[in-house]
Amino acid sequence: MTTQTDSTPPGTQGRYGLCDWCRQLGDGIWLVQVVEAGSGPCTAGNKFACGRCRKAHGLVPFADQP
């Protein structure tokens with residue numbers, strides 16, 4: 001059983017990957033910072049965070065930012 005640690009609706013767990021804050025692999029990794037440099041699908045410089053780190057550091061998923 002998984003526990004929601006933030007306000008993310010159930011069923012939208014994000015992706016599996018590496019959190020740039022705690023450096024751990026896991027589900028629920030969300031894009032929180034985008035570095036726009038040049039063009040193309042390059043993700044170098046973009047930052048992803050897990051639910052625990054988003055809550056601890058007050059990080060907002062990029063899709064929810066104004």
Cluster partners of V32, using ILVMFWY side-chain heavy atoms under 4.5 angstrom, listed by chain and number? W21, L59

What's the separation between atom [atom1] in [X] and atom [atom2] in [Y], rounded to the nearest 0.5 Å?
{"X": "F62", "Y": "F48", "atom1": "CZ", "atom2": "CZ", "answer": "11.0 Å"}
{"X": "D20", "Y": "C53", "atom1": "CG", "atom2": "SG", "answer": "9.5 Å"}
{"X": "Y16", "Y": "I29", "atom1": "OH", "atom2": "CD1", "answer": "9.0 Å"}
{"X": "C50", "Y": "K55", "atom1": "SG", "atom2": "NZ", "answer": "12.0 Å"}

Please assess L18 against Q24 for the test side chain to side chain contact (heavy atoms under 4.5 Å, CB included), listing each intermediate value before the final yes or no. CA-CA 6 Å; L18 180 68; Q24 303 228 351; 5.6 Å; no

Closest heavy-atom pair, L31 versus N46, reported as atoms and distance to 0.1 Å, is CD1-CB, 3.8 Å

Looking at every heavy atom in both R54 and A49, which two are closest together, and how far apart are they? NH1-O, 3.0 Å

With the side chain counted from C-beta on, respond yes when R52 and C22 share a heavy-atom pair under 4.5 Å apart, and no when they do not.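 Touching, per the 4.5 Å side-chain cut-off.
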
Examine W30 and V60 and state if one hydrophobic cluster contains both, with Ile, Leu, Val, Met, Phe, Trp and Tyr joined whenever side-chain heavy atoms are less than 4.5 Å apart. no

